[in-house]
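What you see below is based on every heavy atom in this structure, not just the backbone, and it leaves out hydrogens, waters and symmetry mates.
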Amino acid sequence: MLTAAKGLCRIRPHYDEDTRYLFQVLLTATSVVEANIALDLLSKTVPDKALVATINLREALKSIPSTPFRMAVDEQTFMRVGGMVKDLASLTCATTDGYSIVVTTAGNLVLDLIVKYDCEKHFWTPIPRTEDFVEPELIEHLIESEYLFAGVVDVIKSMGVVFNPTLYLSVDDWHLEYARETIERLDGLF
């Protein structure tokens, strides 16, 4: 998932106080209609390359399974491959910039994926997972950190989980992919 991780450097210069909420909606909303509206509003001030990077990051975030889910490997293999350290009922690894990625497990069942930074603790999957793919408060950390997103992807891959998000080359490609779903949802509103 090198493409989405490298795309973060294209997003960072445009992620500010004025655009923060729109990026958050575009990246986390399960509703394609909400994501489309955020994308259209962002397109007024953010260049296409940064928007394509954001769309690809959205697809990558969407591809990370919501907890609980089963790993394809046992806990010992996951610890060895992922470089995880066991601490009571959780497995932990750290990023270079001070984030901790914590996984709670029961055998090969992943109960939670948690990101810790300083005194903050964020669960990856919001409860209930009806409006967002990822806890919206994590977006700022994911965009600003050089290592967090890549670390989470490495942890997911170490679990033996297939991680193969759809990548888009243009905003138009993304609009075409989700046009039908957007129109159907909009028709349902009126």
Side-chain angles (χ1 to χ4, degrees), residues 1-67 93-102 113-118 120-126 129 131-158 161-179 181-182:
M1 193 67 271
L2 203 52
T3 305
K6 284 192 172 193
L8 288 170
C9 66
R10 288 202 171 130
I11 298 169
R12 282 185 195 112
H14 308 286
Y15 184 79
D16 57 30
E17 198 63 41
D18 296 332
T19 60
R20 179 174 285 131
Y21 179 72
L22 293 173
F23 274 110
Q24 188 179 62
V25 170
L26 177 56
L27 289 169
T28 66
T30 57
S31 166
V32 176
V33 174
E34 288 179 28
N36 246 325
I37 292 168
L39 179 61
D40 289 341
L41 291 171
L42 282 169
S43 68
K44 294 175 184 357
T45 58
V46 178
D48 275 355
K49 286 187 178 187
L51 292 175
V52 171
T54 307
I55 291 166
N56 288 333
L57 179 59
R58 172 187 168 79
E59 293 298 317
L61 294 172
K62 189 171 112 176
S63 296
I64 295 174
S66 61
T67 55
C93 69
T95 64
T96 306
D97 55 353
Y99 286 91
S100 293
I101 302 167
V102 180
L113 178 63
I114 303 163
V115 174
K116 290 183 178 181
Y117 187 70
D118 289 334
E120 296 180 50
K121 178 170 83 170
H122 300 283
F123 288 86
W124 187 268
T125 305
R129 186 181 181 186
E131 296 178 13
D132 298 305
F133 297 118
V134 177
E135 181 60 45
E137 293 174 9
L138 270 172
I139 295 304
E140 186 163 344
H141 296 287
L142 289 168
I143 290 175
E144 291 179 357
S145 171
E146 291 282 335
Y147 306 99
L148 179 58
F149 180 67
V152 170
V153 171
D154 288 343
V155 166
I156 295 297
K157 287 181 176 180
S158 298
V161 174
V162 176
F163 182 76
N164 192 19
T166 304
L167 296 178
Y168 296 97
L169 299 176
S170 72
V171 173
D172 291 337
D173 290 345
W174 191 81
H175 279 303
L176 287 173
E177 179 76 24
Y178 291 104
E181 186 177 342
T182 302

For the side chain of Gln24 and the backbone of Pro136, is there at least one donor-acceptor N/O pair under 3.5 Å apart? yes
Would you check if the side chain of Thr125 reaches a backbone N or O of Thr67 as a donor-acceptor pair within less than 3.5 Å? yes
For [X] versus [Y], what's the shortest heavy-atom pair and its separation?
{"X": "Val155", "Y": "Cys93", "result": "CG2-SG, 3.7 Å"}
{"X": "Val152", "Y": "Leu113", "result": "CG1-CD2, 4.0 Å"}
{"X": "Trp174", "Y": "Ala35", "result": "CH2-CB, 4.0 Å"}
{"X": "Asp97", "Y": "Glu146", "result": "OD2-N, 3.6 Å"}
{"X": "Phe163", "Y": "Ser63", "result": "CE1-CB, 3.8 Å"}
{"X": "Arg10", "Y": "Pro13", "result": "O-CD, 3.6 Å"}

For side-chain hydrogen bond (donor to acceptor under 3.5 Å, both in side chains), just list the numbers for Ser170 and Asp172, CA-CA rounded to whole Å, side-chain angles, deciding distance to a tenth of an Å, and then say yes or no. CA-CA 5 Å; Ser170 72; Asp172 291 337; 5.0 Å; no
For the pair Tyr117 and Tyr99, name the ring-plane relationship: parallel under 30°, tilted 30 to 60°, perpendicular over 60°. parallel
What's the verdict on side-chain contact (heavy atoms from CB on, under 4.5 Å) for Trp124 and Glu135, showing C-alpha distance, side-chain angles and the deciding distance? CA-CA 6 Å; Trp124 187 268; Glu135 181 60 45; over 6 Å; no
Excluding sequence neighbours, so at least two apart, what forms salt bridge (Lys or Arg N to Asp or Glu O under 4.0 Å) with Glu137? none
Take Asn36 and His175 through the test side-chain contact (heavy atoms from CB on, under 4.5 Å) and record every step on the way to the result. CA-CA 8 Å; Asn36 246 325; His175 279 303; 2.8 Å; yes
With rounding to the nearest 0.5 angstrom, report the [atom1] to [atom2] distance, [X] to [Y].
{"X": "Asp132", "Y": "Leu138", "atom1": "CG", "atom2": "CG", "answer": "11.0 Å"}
{"X": "Thr28", "Y": "Glu34", "atom1": "OG1", "atom2": "CD", "answer": "8.5 Å"}
{"X": "Ile139", "Y": "Glu144", "atom1": "CD1", "atom2": "CD", "answer": "11.5 Å"}
{"X": "Leu39", "Y": "Leu26", "atom1": "CG", "atom2": "CG", "answer": "5.5 Å"}
{"X": "Phe149", "Y": "Leu8", "atom1": "CZ", "atom2": "CG", "answer": "7.0 Å"}
{"X": "Leu51", "Y": "Lys49", "atom1": "CG", "atom2": "NZ", "answer": "12.5 Å"}

Could you walk me through whether Phe23 and Glu140 pass side-chain contact (heavy atoms from CB on, under 4.5 Å), step by step? CA-CA 9 Å; Phe23 274 110; Glu140 186 163 344; over 6 Å; no
Please determine whether side-chain hydrogen bond (donor to acceptor under 3.5 Å, both in side chains) holds for the pair Ser43 and Asp40, giving the CA-CA distance in whole Å, both sets of side-chain angles, and the decisive distance to 0.1 Å. CA-CA 5 Å; Ser43 68; Asp40 289 341; 4.8 Å; no
Looking at side-chain heavy atoms only, is the closest gap between Thr54 and Val46 below 4.5 Å?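 Sidechains of Val46 and Thr54: no contact.
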Is there a side-chain contact (heavy atoms from CB on, under 4.5 Å) between Leu27 and Ile143 once you walk through the steps? CA-CA 11 Å; Leu27 289 169; Ile143 290 175; 4.0 Å; yes
